[in-house]
Each structure stands twice: as C-alpha cells, then as structure tokens.
Amino acid sequence: MISARWLEKRKPYWDRLESIVQRSGRGGLGALSHDELRELGLLYRQVAADLSSVREDPMSQRIAGYLNQLLGRAHNLIYMGRRARPGGILEFYRSVFPRIFRETFNYTLAAFAVFLGAAVAGFLICLADPAFQRFFLGPRMSDTIERREMWTHSILTIKPLASSFITTNNLTVSFTTFALGISGGLGTVYMMATNGLLMGVIAAACWQAGMGLDLAEFVAPHGVLELPAIFIAGGGGLLIARGLLFPGSLPRRDALVVYGGQGVRLALGIVPMLIVAGVIEAFLSPSFVPAPAKFVFAFAVFGLFALYVTQAGRTNSRK
C-alpha cells in the first residue's frame with residue numbers, strides 16, 4: 001500500500017519533471033540548460049522507479065496513469081532524434097511492445113468489441129435475409145460457397161506469391177485502421193466494423209452451406225495471429241483518438257504525443273505477427289493437412305502469443 005507520507009515525499013520530484021518537460025516546449029532538448037538536461041535524466045530514472053512501486057498497489061491506478069503519461073512525455077523528449085541502437089529492435093519486441101500492449105489493453109478490447117458486434121450483426125442479418133449475403137459478398141463468391149467449394153484452394157498453386165500478397169494486404173489494412181485514428185476514431189471504428197461484418201457474413205454463408213468446419217480449419221491457423229493483430233491496430237487508432245479528443249489535464253499536443261506514441265508502438269509491434277500469419281495463411285491454412293492438426297497448431301500458436309504478451313518484459317518493468 002502506497003502511504004500518504006511516501007506520496008508527499010515523491011510528488012515534488014514529479015512536479016519538477018513535469019515542469020522541465022513543459023519548459024522544453026517546441027524547442028525540445030535545445031530549450032533546456034545543461035543543468036536541466038542532467039536533472040531531466042536523473043528525474044526520469046527516479047520517476048520510472050516510482051512508477052514501478054505504484055504499479056504494485058492496485059489502489060493507486062490513477063497515480064500510475066499520471067506517472068505513465070509523464071514518463072511517456074519525458075521519454076519522447078529524451079530520445080527524439082537519437083540513432084537507434086543495434087539491440088533496440090530486439091529490446092522493443094522483447095520488452096517494450098508487450099508492456100505497452102498490457103498498459104493499453106482496454107483500447108484493444110474496445111476495438112475487438114466493435115469487430116465482434118459487427119460480426120454477430122452480419123451473421124444474424126445473413127441468416128434472416130440470404131439476399132444480403134449475395135449483395136455483400138458478390139455473386140462470384142456467393143456462387144462458389146453455394147456449390148460448397150472453398151475459394152482458398154487456389155492459393156496452394158502460388159504459395160510464395162500468395163504469402164507476399166497476403167502479408168502486404170494485411171499490413172495495409174492494419175496500418176490504415178491505425179492511421180484513421182486521426183479522424184477522431186471514426187475511421188478506425190469503420191474499419192473494425194467493416195471487417196467484422198465481412199467475417200460474420202462469410203461465417204453465416206459457409207454455415208448455411210454446411211461448410212462451417214471448412215471455414216474454421218482455414219481461418220484458425222493464421223487467424224490466431226492475424227485477428228489479434230488487427231484488434232491491436234484498432235486499439236492503436238483509438239489511442240490516437242483519445243489523445244485528440246480527450247487530452248485530459250495535458251495540452252492536446254502533449255496528449256497526442258503520449259497516446260499517439262503508444263499507438264505507434266502497438267502498430268510496429270504487430271508487423272512480425274502479420275508476416276508470420278501471411279506465411280501460415282499461404283502454406284498451411286489452405287493445405288490438406290487434417291483439421292485436428294490445424295486446430296492443435298492454432299491452439300499452440302495462440303498459447304505462445306498469449307504467454308508472450310502477458311509475461312514478456314515484466315522483469316524489466318519492475319527494476
């Protein structure tokens with residue numbers, strides 16, 4: 001439990017760090033004196049240690065949120081313009097991305113909720129009105145499903161090319177979903193809802209045609225990475241919208257830097273996920289590997305992903 005005496009003792013250091021960050025303004029580090037630069041580095045490390053202590057107390061989440069914002073602003077100030085270290089990329093995926101994912105999980109969850117709601121709506125509308133399926137999917141794909149044929153087997157004949165195309169397409173969709181957060185979140189919500197609606201309609205069409213298992217065994221191997229990646233990109237877009245629309249006690253510019261910086265880290269973090277998902281979708285998902293083996297593979301991959309995002313970087317965050 002964080003005591004009132006401890007808070008009273010530490011708060012002047014937090015106020016001083018905030019004062020230095022605000023003083024930097026648009027001039028960045030160049031607006032600070034030599035002594036202020038030294039003080040900035042010292043205070044940054046001290047406040048980071050304070051944040052680690054506060055995170056251990058479930059009753060101090062509001063303070064943890066404030067310190068996290070303050071450190072985010074200081075981090076951007078300290079590291080802007082620096083060259084990336086060779087080990088920086090490894091450290092990012094080993095520690096920074098999973099930590100940011102956990103800290104902003106509610107935004108990813110919100111994006112997932114929009115997707116799920118649209119998917120359920122699409123499924124139910126398709127069941128109630130079969131004409132909606134043909135309107136939404138187009139006659140060619142609808143006819144293929146009605147013949148009880150999967151449209152995915154053609155991928156097998158062009159695996160390497162298909163992998164490249166699928167990865168490029170998924171990256172485009174994900175980064176567009178993220179970037180549209182600048183529209184106040186409307187574009188991000190639209191992208192999540194559209195993709196969810198498409199998934200729901202396809203699921204209903206395949207289920208009505210008796211191809212529910214065929215769809216599931218195709219989607220499962222790569223979907224356990226591809227879908228979470230899209231949800232995370234959506235969460236990143238909502239973070240941008242948060243900074244733009246609800247800056248709270250921060251100046252809007254600083255709020256965009258803090259929340260947008262978190263969103264950028266989420267967007268960069270999903271790149272390896274989408275690359276791996278694209279390879280799986282081209283080589284394994286449409287293959288004739290038995291369905292049970294595909295589901296076991298999907299379960300194992302999702303388990304590793306869940307372990308990674310929930311556990312990686314925890315040791316560093318407590319130092």
Inter-residue atom distance Asn106.CG - Leu238.CG, 0.5 Å rounding: 11.0 Å
Side chain to side chain contact (heavy atoms under 4.5 Å, CB included) evaluation trace for Ile202 with Met141: CA-CA 10 Å; Ile202 291 177; Met141 188 170 183; 3.9 Å; yes
Side-chain heavy atoms of Gln208 within contact of Cys126, under 4.5 Å: yes
Test item: Ser285 and Ile280 side chains (from C-beta on) under 4.5 Å apart, heavy atoms: yes
Beyond-backbone contact of Trp14 with Leu67, side-chain heavy atoms, under 4.5 angstrom: yes
Pair Glu103-Asn68, side chain to side chain contact (heavy atoms under 4.5 Å, CB included): steps then yes or no: CA-CA 9 Å; Glu103 292 174 353; Asn68 190 59; 3.5 Å; yes
Side chains of Val173 and Asn169 in contact at under 4.5 Å (non-hydrogen atoms): yes
Spacing of CE belonging to Met199 relative to CG belonging to Leu197, to within rounding of 0.5 Å: 11.5 Å
Shortest non-hydrogen contact from Ile270 toward Ala233: CD1-CB, 3.8 Å
Over-ring placement of Arg10 relative to Tyr13, 6.0 Å and 45° cut-offs: yes
Side-chain heavy atoms of Ile145 within contact of Leu137, under 4.5 Å: yes
Side-chain heavy atoms of Phe101 within contact of Tyr308, under 4.5 Å: no
Arg134 side chain reached by Asp143 side chain, heavy atoms, under 4.5 Å: yes
Separation of Asn170 CG from Leu227 CG (nearest 0.5 Å): 9.5 Å
Test item: side-chain donor near acceptor, Tyr66 and Glu18, under 3.5 Å: yes
Geometric class of the Phe178/Phe175 ring pair [parallel <30°, tilted 30-60°, perpendicular >60°]: perpendicular
Within 6.0 Å of CZ in Phe135, more than 12 heavy atoms from elsewhere: no
Verify same cluster id: Val301, Phe299 (apolar side-chain graph, 4.5 Å): no
More than 12 heavy atoms of other groups within 6.0 Å of Phe302 CZ: no
Spacing of CG belonging to Asn195 relative to OG1 belonging to Thr177, to within rounding of 0.5 Å: 6.0 Å
Minimum side-chain heavy-atom gap Ser174-Leu274 below 4.5 Å: yes
Transitive ILVMFWY side-chain link Tyr190 to Leu116, under 4.5 Å: no
Pairing of Arg94 and Glu91 as salt bridge, 4.0 angstrom limit: yes
Side-chain donor-acceptor contact under 3.5 Å, Gln69 with Tyr259: yes
Under 3.5 Å donor-acceptor, Lys294 side chain and Ala220 backbone: no
Separation of Met273 CE from His222 NE2 (nearest 0.5 Å): 12.5 Å
Same apolar cluster (I L V M F W Y, side chains within < 4.5 Å links), Leu43/Trp6: yes
CA sep, side-chain torsions, deciding dist, call: Thr176, Thr172, side chain to side chain contact (heavy atoms under 4.5 Å, CB included): CA-CA 6 Å; Thr176 300; Thr172 301; 4.1 Å; yes
same_hphob_cluster(Leu109, Val189) at 4.5 Å side-chain heavy-atom cutoff: yes
Phe97/Arg265 under side chain to side chain contact (heavy atoms under 4.5 Å, CB included): CA gap, chis, key distance, verdict: CA-CA 6 Å; Phe97 169 65; Arg265 291 176 178 87; 5.8 Å; no
Parallel, tilted or perpendicular: ring planes of Phe112 versus Phe231, cut at 30 and 60 degrees: perpendicular
Interatomic spacing from CZ in Arg252 to CG in Leu244 - rounded to 0.5 Å: 6.5 Å
Val276 reachable from Leu304 in the ILVMFWY side-chain graph, under 4.5 Å edges: no
Short side-chain to backbone donor-acceptor contact, Ser142 and Pro139, under 3.5 Å: no
